[in-house]
Number of protein chains: 2
Amino acid sequence: MPAPDPFNRKCATRVVLDRVGDKWAVLILILLHDEAHRFNELRRRIDGISQKMLSQTLRSLERDGLVHRHVEATVPVTVEYSITPLGKTLYAAVDALRVWAETHLKDVETAQKRYDRTNEKPARPLRKAA
Amino acid sequence: MPAPDPFNRKCATRVVLDRVGDKWAVLILILLHDEAHRFNELRRRIDGISQKMLSQTLRSLERDGLVHRHVEATVPVTVEYSITPLGKTLYAAVDALRVWAETHLKDVETAQKRYDRTNEKPARPLRKAA
DNA sequence: CCGCATCCGTGGGGATACTG
DNA sequence: CAGTATCCCCACGGATGCGG
């Protein structure tokens, strides 16, 4: 893994960024930070996630050591997912983003409206209509 | 925009998360945080970005009020991009992620190797070969 | 209940060519 | 130099069905 030069492909930072870019991963991390959950609990909790993505994302998180998977050998098997200590440290950073979002949402929206008002004046044909 | 319930689609947090999830946006933000840059400077600086994505991402950032676009009316037109105050506040949060990445990279890699050693023992056909 | 395999549609994003 | 427009591909992710 190369030195921390985010402008080179495949640098450490990019790897993490890609994981954070995964919206499902972040949401799962937030949920598990509060308490452990079972598979279908998560499924119901997270609006719009497919079973495939949930499964897939959980495996990634487990692989990265951010989430722990505990299998209970009951009759219909029971699986519980919980956040690991490492996961909690990432959660802290991610949470900073959440806070930023809530703090500056208004500013962003204002900027967007301004931009749209200024630039979205199309309908001025550059070349004469045919 | 709904209340801060990240589990509902289209919540504020998700919007920001999606923007941060955009790796190009983050990289641009980091570059511009150091100093203003021109279009093709950014292009050269960022390994692997296409001209289309650069253009597209810059417009998003400008629309969100995170980046400022200054046009100099020289003969071959000159355009400079710089980070806004709002952009700097976001940069702070993003930087926390960068730090996390560099700090815990080793842990993640270790976890991954462990996981792979444990689980990637395929080659045991569940059903007989045809 | 948990989760993998398969099929398949959509759109994100790369390459290229062109304009102001 | 700074973009826009077009084509095109393939990987991401949804839906469905099966297996432990």
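Since we're looking at a predicted model, the values are computed, not measured. Worth knowing before you read on, the calculation uses all heavy atoms, side chains too, and leaves out hydrogens, waters and symmetry mates. Below, read A as the first sequence line, B as the second, and so on, with proteins coming before strands; counting in each chain starts at 1.
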Whole Å only: how far is the [atom1] atom of [X] from the [atom2] atom of [N]?
X: A/N119; N: D/dT4; atom1: CG; atom2: P; answer: 10 Å
X: B/I49; N: C/dA15; atom1: CD1; atom2: P; answer: 12 Å
X: A/K23; N: C/dG12; atom1: NZ; atom2: C1'; answer: 14 Å
X: B/L42; N: D/dG3; atom1: CG; atom2: P; answer: 10 Å
X: B/L54; N: D/dT4; atom1: CG; atom2: P; answer: 11 Å
X: B/Y81; N: D/dA2; atom1: OH; atom2: C1'; answer: 8 Å

What parts of residues 70-78 of chain B reach DNA chain C, counting only heavy atoms under 4.0 Å away?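 Under 4.0 Å from DNA chain C: no residue of residues 70-78 of chain B.
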Measuring from the side chain of [X] (C-beta onward, heavy atoms only), which nucleotide among [options] has the closest atom?
X: A/F39; options: C/dC2, D/dG3, D/dT16; answer: C/dC2
X: A/V79; options: D/dC1, C/dC4, C/dG3; answer: C/dG3
X: B/Q51; options: C/dG3, D/dA2, C/dT16; answer: C/dT16

Is [X] reaching over with its side chain to a backbone N or O of [Y], donor-acceptor style, under 3.5 angstrom?
X: A/E41; Y: A/R38; result: yes
X: B/T118; Y: B/R114; result: yes
X: A/S55; Y: A/Q51; result: no
X: B/T84; Y: B/G65; result: yes

Under the rule for salt bridge (Lys or Arg N to Asp or Glu O under 4.0 Å), what residues qualify as partners of B/D95, not counting sequence neighbours?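 Expected list: B/R98.
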Within less than 4.0 Å of OP1 or OP2 of [N], is there a side-chain N or O belonging to [X]?
X: B/R38; N: D/dA2; answer: yes
X: A/R69; N: C/dG3; answer: yes
X: B/S55; N: D/dT4; answer: yes

Do B/R63 and A/D116 make a side-chain contact, defined as non-hydrogen atoms from C-beta onward lying under 4.5 Å apart?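 Yes, close enough: below the 4.5 Å cut-off.
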Test item: A/V67 and A/L29 side chains (from C-beta on) under 4.5 Å apart, heavy atoms: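 They are in side-chain contact.
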Polar atom pairs (N or O), protein with nucleotides 6-13 of chain D, under 3.5 Å:
{"residue": "D/dG13", "atom": "N7", "partner": "A/K52", "partner atom": "NZ", "Å": "3.2"}

Report which part of the nucleic acid A/R43 touches: base, sugar-phosphate, or nothing (heavy-atom distance under 4.0 Å, all strands).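 Nothing, no nucleic acid heavy atom in range.
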Students often mix this up, so state it plainly: with edges at 30° and 60°, are the rings of A/Y91 and A/H33 parallel, tilted or perpendicular?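 The arrangement is parallel - the two ring planes meet at less than 30°.
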Results of side chain to side chain donor-acceptor pair (under 3.5 Å) for B/T110 - residues two or more places apart only: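 Side chain to side chain donor-acceptor pair (under 3.5 Å) list for B/T110, sorted by chain: empty.
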Residues two or more places apart in sequence or in another chain: which of them pass side chain to side chain donor-acceptor pair (under 3.5 Å) with B/E35?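 Listed in chain order: nothing, the list is empty.
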Nearest 0.5 angstrom please: A/T57 OG1 to A/W24 CH2, how far?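 One gets 8.5 Å once the value is rounded to the nearest 0.5 Å.
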Say you draw a straight line from OH of A/Y81 to CG of A/L42; how long is it, rounded to the nearest 0.5 Å?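 Between A/Y81 OH and A/L42 CG, I get 8.5 Å after rounding to 0.5 Å.
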To the nearest 10°, let me know how far the axis at one end of the helix from C/dC1-D/dG20 to C/dG20-D/dC1 is tilted from the axis at the other, five pairs an end.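 Its terminal axes enclose an angle near 50°.
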